[in-house]
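Notes for the one structure printed next.
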2 protein chains.
Amino acid sequence: MGSTYGQFCPVAKAMELLDERWTLLIVREMVAGSRRFNELRRGVPRMSPTLLSKRLHQLVRAGVAEKRIEGKDVLYVLTPAGEELRPVVEALGAWGTRWIGELGEEDLDPKLLLWDMHRRIDHGAVPEGRTVVQFEFPDVPAQTRRWWLVITSDDADVCDADPGYDVAVTFTASLRSLIRVWRGDLGWSDALRAGSVKVNGPEALRRAAPGWFTLSTFAPVPRPA
Amino acid sequence: MGSTYGQFCPVAKAMELLDERWTLLIVREMVAGSRRFNELRRGVPRMSPTLLSKRLHQLVRAGVAEKRIEGKDVLYVLTPAGEELRPVVEALGAWGTRWIGELGEEDLDPKLLLWDMHRRIDHGAVPEGRTVVQFEFPDVPAQTRRWWLVITSDDADVCDADPGYDVAVTFTASLRSLIRVWRGDLGWSDALRAGSVKVNGPEALRRAAPGWFTLSTFAPVPRPA
DNA sequence: CTGTATCCACTTTGATACTG
DNA sequence: CAGTATCAAAGTGGATACAG
């Protein structure tokens, strides 16, 4: 456990749990709907599994999450106390959006972008059947330059290798630009007009494709004047 | 600085700054109105001055606080960005109030209770002139058993030694009980009726004294059913 | 798939004393 | 009042391999 502050103040008591590195990001992942160990891992890929395991235990012990075993599935689910951390995560995200716009190179992880996007697909807007969207980041090392989303009516998979199916549209952009769009720092239309994000594919799909993705939860946060 | 998460998510970016030990408690103190170094120290007495100094520098560098030198005074003042952390502190405090009611012995610090109380005195409710309120915690080691608040029309001082003036009323309680009242875990009337907090002094003052203190900001937070 | 075990380098903190 | 200097101890996290 994090060490104690020796204060009865509820802010201090809350932070004894929540100020430990990674803890609140795990809560964020759970708030976003992740429930399985390896699902959570994909949201915090720089964490070692050991540490993720430790943090999950702490959250369970603190009454924030519950480990639920259903048949062969192991799920970590927020308790009511955990669910009530949503406003905390939202307040932090809104603040971060407004006051920490500058991103370093090391903040730009395509893996996380795709993982985020796959969770926020507007399945109603995507064509019926299987739709494959390709992403190409010319500025990124070959290893992680190309990604695919395989979207079906109720699911989406992130692939870092060509899944082999026909590609509906391809997004080509610097990683930073697409992340800026995703975060709401840059509008789709501005990005497309300026050419910092390009969409290739049949006209109809190309026009529709930006609408397939609901942007980050924090994209609508108003920026400081 | 706290190490980075390598994530563009605004929650992660916010936590890179705020998840460091003590940081948010300092922000809490500033939100509560403390501005001078030694004033801040009294709100986080377990911090070494070195570390407080370091944290203040970080907050300044992050644009959350501003170091303002006015004549011979050095003040740390929240910037607009810092002021906007108030909702974060409030969300955390509300959550902590609702879900972390259990306090360990080491959380019960009379120094912090008195420091908190002196900030929330309802000066309009206290009699004119100088009013001295004494606190006695029979369960606490002699060193920190007795405290005094010297209240004037627009100021209040915390003393750990008898200031020598006439005492208007004396509160006698276990430290835990008075903290529970302060936090809103236990109502004044319940505490007085049960005798876990006692007030001594002239009848009129004795009756009025609980009204001299506005309870902790989080006392009104509704508790889980 | 869901973790645990191990190990070490590094950072962070706390304690204490001291200064302009 | 407003901090810095110093230093040892603790703990934290990262990497990797492995297990049920």
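A note on names: the letters A, B, ... follow the listed sequences, proteins ahead of strands, and every chain is numbered from 1.
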Checklist line | CZ on Arg176(B) to CZ on Arg180(B), rounded to 0.5 Å | finding: 8.5 Å
Note to self: Using whole Å, what does the distance between atom C1' of nucleotide dT4(D) and atom NZ of Lys54(B) come to?
What the structure shows: 14 Å
Margin query: Distance check needed: dC1(D) P versus Leu40(B) CG, whole Å only.
Written below: 13 Å
Check: In whole angstrom, what separates Leu51(B)'s CG from dT4(D)'s C1'?
Finding: 13 Å
Next item on the list: Give a yes/no answer on whether the side chain of Arg36(A) brings an N or O atom under 4.0 Å of OP1 or OP2 in dT2(C).
Entry: yes
Note to self: How many whole angstroms separate atom CG of Leu25(A) from atom C1' of dG13(D)?
What the structure shows: 14 Å
Notebook entry, point to check: Do Thr50(B) and dA5(D) share a donor-acceptor pair, side chain to base, under 3.5 Å?
Noted result: yes
Check: Roughly, in whole Å, what's the span from CZ in Arg35(B) to P in dA2(D)?
Finding: 11 Å
Check: Is the phosphate of dT13(C), meaning OP1 or OP2, less than 4.0 Å from a side-chain N or O of Arg55(B)?
Finding: yes
Margin query: Could you check whether Glu136(A) pairs with Arg145(A) (Lys NZ or Arg NE/NH1/NH2 to Asp/Glu carboxylate O, under 4.0 Å)?
Written below: no
Check: dT13(C), dG14(D), dG3(C): which one has an atom nearest the side-chain heavy atoms of Trp22(A)?
Finding: dG14(D)
Margin query: Just the rounded figure in Å: distance from P of dT12(D) to NE2 of His57(A).
Written below: 17 Å
Notebook entry, point to check: Looking at DNA chain C, which of residues 63-74 of chain B put a heavy atom within less than 4.0 Å of it?
Noted result: none
Next item on the list: Compute the centroid of each ring, for Tyr5(B) and then for Trp22(A), and state whether the two points are separated by less than 6.0 Å.
Entry: yes
Margin query: At less than 4.0 Å, is any side-chain N or O atom of Ser53(B) found next to OP1 or OP2 of dG3(D)? Yes or no.
Written below: no
Check: Rounded to the Å, how far apart are Asn38(A) CG and dC1(C) P?
Finding: 6 Å
Next item on the list: Decide, yes or no, whether a salt bridge links Asp107(A) with Lys13(B) under the criterion of side-chain N to carboxylate O below 4.0 Å.
Entry: yes
Item checked: Sugar-phosphate only, base, or nothing, as touched by Arg41(A) at under 4.0 Å among non-hydrogen atoms -> nothing
Notebook entry, point to check: Is there side-chain contact between Glu20(A) and Asp19(B), with at least one heavy-atom pair below 4.5 Å?
Noted result: no
Notebook entry, point to check: Given atom CD of Glu20(B) and atom P of dG11(D), what is their separation to the nearest angstrom?
Noted result: 18 Å
Next item on the list: Please state whether the phosphate of dG3(C), meaning OP1 or OP2, lies under 4.0 angstrom from any side-chain nitrogen or oxygen of Tyr76(A).
Entry: yes
Margin query: Let me confirm one number: the OG1-CZ distance from Thr217(A) to Arg183(A), rounded to the nearest 0.5 Å.
Written below: 12.0 Å
Check: With under 30° as parallel and over 60° as perpendicular, where do the rings of Phe213(B) and Phe171(B) fit, or are they tilted in between?
Finding: perpendicular
